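No experiment lies behind these values; they were computed from the predicted model shown. Naming convention: chains lettered A, B, ... in sequence-line order (proteins, then strands); numbering from 1 in each chain.
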Protein chains: 2
Amino acid sequence: MSPTAGRSRDPSRGRERAARILDAAEDLLLRHGARRVTVEDVAVGANIGKGTVYLHWETREKLFAAVFDRAVARAIAELLVAMRTRPSTCLPHHFAHDYFLAVMHRPLLRGLLLADPELLGRLARQHDPAWDERHHLVSERYFRLLAEYGVLRAELGADEVAYAFQATFEGFVRAEGELAGGENPALRSAAQPAVATLERRADLLARTVELAFENNRPVAADELRLLAADVVDLFTDLVDRRGFADLVDRRGFADRADRAELGTPAAS
Amino acid sequence: MSPTAGRSRDPSRGRERAARILDAAEDLLLRHGARRVTVEDVAVGANIGKGTVYLHWETREKLFAAVFDRAVARAIAELLVAMRTRPSTCLPHHFAHDYFLAVMHRPLLRGLLLADPELLGRLARQHDPAWDERHHLVSERYFRLLAEYGVLRAELGADEVAYAFQATFEGFVRAEGELAGGENPALRSAAQPAVATLERRADLLARTVELAFENNRPVAADELRLLAADVVDLFTDLVDRRGFADLVDRRGFADRADRAELGTPAAS
DNA sequence: TCTTTGACCAGATTTCATATCTGGTCATAC
DNA sequence: GTATGACCAGATATGAAATCTGGTCAAAGA
């Protein structure tokens, strides 16, 4: 459209544009679903040429993955803020509660976690194994940390709690899909849920996690602050590195600071 | 209802044959998956004519549903035996433990609950709403019963526990699918599970349920026996009526005793 | 008369060839 | 060195023809 007068060496320009592409993609994704969104649509939505999109992401799928990554990053960022504000948020039951709501309030993540085929097309669950691995590692470290601080029930191994927590959390997440009509689109919005509000369901999840996995012995406030700081570090690391394997600038102008943003120009 | 003379030779013959059809169908289902099994295959496997199959079930899908129904009935029957032998089995955490294992040890049910598309074809999750409703009702009554006997945590409503229990249970079930390679067939049998054995995972589920939903106050042995009897009645009712809406003989020769069997001739 | 059967048919599913669309590339303009 | 959009191969949609199979029913058998 309007070719930029004077090529810019300014890296922040690239990052800003990447964000604009992600914005456009997210908007289209939510409105039409992955199926019906073409790279050209996104380019038009971001007021750039189609080829330019490919300067930022190698493939369409990686672009969409980046959109989801950003949504995840934002959800986790929200949690991190909460943890800094109120350290107890790092305790598993608070964590589960807040993360559950953070996901359910984001249509993109709801769709991702509930594997909504309409939203995702065949993109559903095409998880990068590397991400799963990292996720698993962080989860493991999180629970090991909790164990060290004496937050968890002593009779359970950290990896066992990690497993059971994951199963429980996903059970509650999937239950949301169920009562939204999940697999069978014909059954949308059945009467009324057994437990009326989303908030209450989040509470139930939190109670379950607290009673099943946590030690009922209270943690000292300063201990809790230390733990929270460690957990924040852990998750910050997760978010920062998220998906960067193929987003790191090959020409090397993506520096440390760039890691806070996704989609820095990557083509050669 | 006494059958008119000469009308039907021997009702038990019909039931026996129905069982043979189900056996043949189950065998083929497990070996080839719903996709590849035709009604004719089943008829041949049961040594009868194709039309005869339709004297027992109106449609192919109802036949397959009956196969699954029988598997469910057998799993529940197994639980009922356990409950009579050891009344504590009716407590939610024992129940979850045993039901989890009963399902996981039955390939048909594993496939059903994990919605294995290879096994089920597009049959997956084409649940009869009536069944869901009945299931829901029984679950509700089960937890209300538990509440009355003071087994559940007092601060939670029976329906809330029912919801949370269901979510948790399904979470653990789905986790099994996950580590079997679930949705992405390419990722079959990843390394080794975080929690090594199926038994241990069942234990984790049981602990979670016990701690999260049950009152830690022990129940007197005789109280427990009464509760178990009630629960056995409840589930017996569920199993007996299972799927009978369209299996009940229209000519009326399916009597009370028939309810223990599925697939009594139903054509006009 | 009532039960059982298998040939039969409509409609569903698969196949295969053709047309269309779109992800990704690259020569060109800036 | 950066940005672009015309271009192309391969993916995907379309549709016609061939095949298969669920379900029916007239007739044979008890």
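- For the pair A:Ile48 CD1 and D:dG5 P, the computed distance is 10 Å after rounding to whole Å.
- The distance between atom CD1 of A:Ile21 and atom C1' of D:dT4, rounded to the nearest whole Å, is 13 Å.
- The phosphate of C:dT14 has neither OP1 nor OP2 within less than 4.0 Å of any side-chain N or O from B:Arg36.
- The CD-P distance, from B:Glu58 to D:dG23, rounds to 10 Å in whole Å.
- Closest contact between the side chain of B:Thr59 and the listed nucleotides D:dG23, C:dT13, C:dG24 involves D:dG23.
- Aromatic ring pairs are classed by plane angle as parallel below 30°, tilted from 30° to 60° and perpendicular above 60°; the pair B:Phe235 and B:Phe95 is tilted.
- Across all strands, B:Thr52 comes closer than 4.0 Å to base atoms (heavy-atom distances).
- Picking from D:dT21, D:dT4, D:dG23 the nucleotide with the shortest atom distance to the side chain of A:Leu55 gives D:dT4.
- A 4.5 Å side-chain heavy-atom check between B:Leu108 and B:Leu112 finds every atom pair outside the cut-off.
- One interatomic measurement links the two molecules: CD of B:Glu40 to C1' of C:dC9, which rounds to 14 Å at whole-angstrom precision.
- Of all nucleotides listed (D:dA13, C:dG23, C:dC8), C:dC8 comes nearest to the side chain of B:Lys50.
- Note: NE2 (B:His32) to P (D:dT21) measures 13 Å, nearest angstrom.
- Between A:Phe64 atom CZ and C:dT22 atom P the separation is 12 Å, expressed in whole Å.
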Salt bridge (Lys or Arg N to Asp or Glu O under 4.0 Å) between A:Arg70 and A:Asp23: does it pass, once the steps are laid out? CA-CA 10 Å; A:Arg70 193 175 63 165; A:Asp23 288 340; 3.0 Å; yes

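- Side-chain proximity of A:Arg60 to the nucleotides C:dG24, C:dT5, C:dT13 is greatest for C:dG24.
- Listed nucleotides D:dA13, D:dA3, D:dG22 differ in distance to A:Arg17; the shortest reach to its side chain belongs to D:dA3.
- Relative to the side chain of B:Tyr54, the nucleotides D:dT21, D:dT24, C:dG23 differ in distance, and D:dT24 lies closest.
- Across the protein-nucleic acid pair, A:Asp41 atom CG and C:dT22 atom C1' stand 10 Å apart, rounded to whole Å.
- A donor-acceptor distance shorter than 3.5 angstrom exists from the side chain of A:His105 to the backbone of A:Leu101, with no hydrogens or angles considered.
- If you take NE2 of B:His56 and P of D:dG22, they are 17 Å apart, rounded to a whole angstrom.
- Listed by chain and residue number, A:Trp131 satisfy the ring pair (Phe, Tyr, Trp, His ring centres under 6.0 Å) test with A:His135 (two or more places apart in sequence, or in another chain).
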